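Worksheet: the structure to be examined is printed underneath.
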Number of protein chains: 2
Amino acid sequence: MTIDLSKMRQKFREREYKLTPQRQMILQVFMDNRGKHLSAEDVHNIVRQQSNDIGLATVYRTLELLSELEILQKMDFGDGRSRYELNENSTPHHHHHLICITCGKVIEFEDDLLEDLENVIAKNSNFTIIDHQVKFYGHCQECREKREG
Amino acid sequence: MTIDLSKMRQKFREREYKLTPQRQMILQVFMDNRGKHLSAEDVHNIVRQQSNDIGLATVYRTLELLSELEILQKMDFGDGRSRYELNENSTPHHHHHLICITCGKVIEFEDDLLEDLENVIAKNSNFTIIDHQVKFYGHCQECREKREG
DNA sequence: GTATGTGCAAATTGTTTGCATCGCG
DNA sequence: CGCGATGCAAACAATTTGCACATAC
């Protein structure tokens, strides 16, 4: 189900994009960092740590490309930079985020209830829904305990 | 229920912020533009049209302040700039957005179904949810008709 | 009167772009 | 081989910051 190099190779051939080492390297970064929400700079730094430098512009261009191919999913947590993660089980995602207001931690959760909601909304608003992004803001257990402590 | 100048005056006194003409003017812009999602630049332009110039930096600082006071709500539609609107009935909002991928139009919708979802999630994830922000991406009726046309 | 707020311009930050060069298919 | 991809540096756009001056309380 999950994307790997051969899947990516296939997607690239279909669309006649070149599979350069830089692009492979960036995919690898995401495969090595499942569950994290990496910014362009994060990716750039990780690659450099492996002493395999890539131009930052190339990182940006690749992230954009991989998002278009639906290999990555672009997301925004309101911290002023775009973040990306592997788009595990293509669409729809059923995968949302709890953002702790206190410590900024981002927790994932899976859910299907939103599907029903989508249907209701689609009917009421005459809007064809393709994707959704949900963020819940609140306090995580840890911060709550600290505060109440 | 809705915020007006006297409410704002009160909130400002509580926190010992000064109620300057610039700050009042910016609140007025939002009261005159209910339902719109204004960026800092939008606000700046509207004020200038009324031949009452305010420094752009002040606009930014005021938007930040008003968000902190929960008079405004900061939101992000992925167009590279923050947008703000009056935070009508304090928390929780029950007020979400449908974003058309084709034309970029933002449609509002009210909903309560998410409350149930919040409760389930809170229980499952041990997370105290204070607010949520939901964006649905898809095609609005108009664009759909054009495409099928 | 004094701490806070404002305006301006300069600095920062994230991201994009132009162009010469490189290398995948 | 040729065209798309890369790297660099310069350009951009949104936002932030330093500082002298102004003003609400």
Side-chain angles (χ1 to χ4, degrees), chain A residues 5-6 8-29 37-48 50-69 71-72 74-84 104, chain B residues 5-6 8-29 37-48 50-69 71-72 74-84 104:
Chain A
L5 193 57
S6 61
M8 169 147 146
R9 182 164 284 132
Q10 185 193 326
K11 281 207 179 200
F12 269 57
R13 238 191 312 243
E14 279 171 16
R15 305 246 205 147
E16 303 191 317
Y17 288 126
K18 293 181 181 167
L19 191 54
T20 64
Q22 290 89 333
R23 288 172 175 178
Q24 287 182 54
M25 231 181 281
I26 289 175
L27 175 66
Q28 190 61 49
V29 168
H37 312 98
L38 305 176
S39 66
E41 209 191 336
D42 290 341
V43 173
H44 191 225
N45 287 334
I46 291 173
V47 170
R48 304 184 102 204
Q50 305 167 354
S51 47
N52 281 311
D53 205 8
I54 300 183
L56 184 52
T58 300
V59 173
Y60 275 105
R61 284 185 282 231
T62 302
L63 294 179
E64 169 105 11
L65 176 64
L66 294 182
S67 297
E68 227 167 276
L69 293 177
I71 292 173
L72 294 182
K74 186 176 188 172
M75 39 192 56
D76 168 89
F77 294 133
D79 65 344
R81 73 204 64 200
S82 293
R83 296 184 168 278
Y84 300 80
Chain B
L5 193 57
S6 62
M8 169 147 146
R9 182 164 283 131
Q10 184 193 326
K11 280 207 180 198
F12 270 57
R13 240 192 311 244
E14 279 170 18
R15 305 247 205 146
E16 302 191 317
Y17 288 126
K18 293 181 183 169
L19 191 54
T20 65
Q22 289 89 333
R23 288 172 176 179
Q24 288 183 52
M25 232 180 283
I26 288 174
L27 175 66
Q28 190 60 49
V29 167
H37 312 98
L38 304 175
S39 66
E41 210 191 336
D42 290 341
V43 173
H44 191 226
N45 287 335
I46 292 173
V47 170
R48 305 183 101 203
Q50 306 168 352
S51 47
N52 282 312
D53 204 9
I54 299 183
L56 183 53
T58 300
V59 173
Y60 275 105
R61 283 185 283 229
T62 302
L63 294 179
E64 168 106 13
L65 176 63
L66 294 182
S67 297
E68 228 167 275
L69 293 178
I71 292 173
L72 294 181
K74 186 176 187 170
M75 40 191 56
D76 169 88
F77 295 133
D79 65 344
R81 71 203 66 198
S82 294
R83 297 185 167 276
Y84 300 81

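If you're wondering where the values come from, they're calculated on a predicted model, not measured in any experiment. Each chain gets a letter, A, B and so on, in the order the sequences are listed, and its residues count up from 1.
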Take the protein atom [atom1] of [X] and the nucleotide atom [atom2] of [N], then report the distance between them rounded to whole Å.
X	N	atom1	atom2	answer
A:Asp42	C:dG14	CG	C1'	13 Å
B:Asn52	C:dT6	CG	C1'	15 Å
B:Phe12	C:dG5	CZ	P	9 Å
B:Asp76	D:dA14	CG	P	13 Å
A:Met25	D:dT6	CE	P	10 Å
B:Tyr17	D:dA24	OH	P	18 Å
B:Met8	D:dA24	CE	P	14 Å
A:Leu65	D:dA5	CG	P	8 Å

How do B:Ala40 and B:Thr20 order along DNA chain D: which one's closest nucleotide is nearer the 5' end?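 The residue mapped nearer the 5' terminus is B:Ala40.
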Between A:His44 (side chain) and A:Ile54 (backbone), is there a donor-acceptor pair under 3.5 Å?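 Checked: pair present.
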If we ignore hydrogens and angles and just use 3.5 Å, is the side chain of B:Lys11 paired with the main-chain N or O of B:Leu69 as donor and acceptor?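 Yes; judged by distance alone, with no hydrogens or angles, the pair exists.
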Check DNA chain C against residues 56-63 of chain B and give the residues with a non-hydrogen atom under 4.0 Å, in numerical order.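 Those residues are B:Ala57, B:Thr58, B:Arg61.
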Is there a side-chain contact between B:Arg81 and the phosphate of D:dA13, meaning an N or O under 4.0 Å from OP1 or OP2?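 For D:dA13, OP1/OP2 do not have a side-chain N/O of B:Arg81 under 4.0 Å.
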D:dG7 phosphate, OP1 or OP2, under 4.0 Å from A:Gln22 side-chain N/O: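 Yes, because at least one side-chain N or O of A:Gln22 sits under 4.0 Å from OP1 or OP2 of D:dG7.
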Are more than 12 heavy atoms, taken from residues, nucleotides or ligands other than B:Glu16, located less than 6.0 Å from that residue's CD atom?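 Incorrect, the count does not exceed 12.
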To the closest 0.5 Å, what do you measure between OG1 (B:Thr58) and CE (B:Met25)?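 One finds 10.5 Å between OG1 of B:Thr58 and CE of B:Met25.
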Enter the distance from B:His37:NE2 to B:Tyr84:OH here, rounded to the nearest 0.5 Å.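 One finds 14.0 Å between NE2 of B:His37 and OH of B:Tyr84.
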Could you check whether B:Arg81 pairs with B:Asp76 (Lys NZ or Arg NE/NH1/NH2 to Asp/Glu carboxylate O, under 4.0 Å)?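 No, this pair does not count.
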Using a heavy-atom cut-off of 4.0 Å across all strands, would you classify A:Glu16 as base, sugar-phosphate, or nothing?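 The answer is nothing, as A:Glu16 stays clear of every strand by at least 4.0 Å.
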If you look at every strand shown and take non-hydrogen atoms under 4.0 Å, does A:Ser82 touch a base, only sugar-phosphate, or nothing?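 Answer is sugar-phosphate: A:Ser82 comes under 4.0 Å of backbone atoms only.
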Taking the side chain as C-beta and beyond, is there a heavy-atom pair between A:Tyr60 and A:Val43 under 4.5 Å?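 Side chain of A:Tyr60 against side chain of A:Val43, heavy atoms only: no contact under 4.5 Å found.
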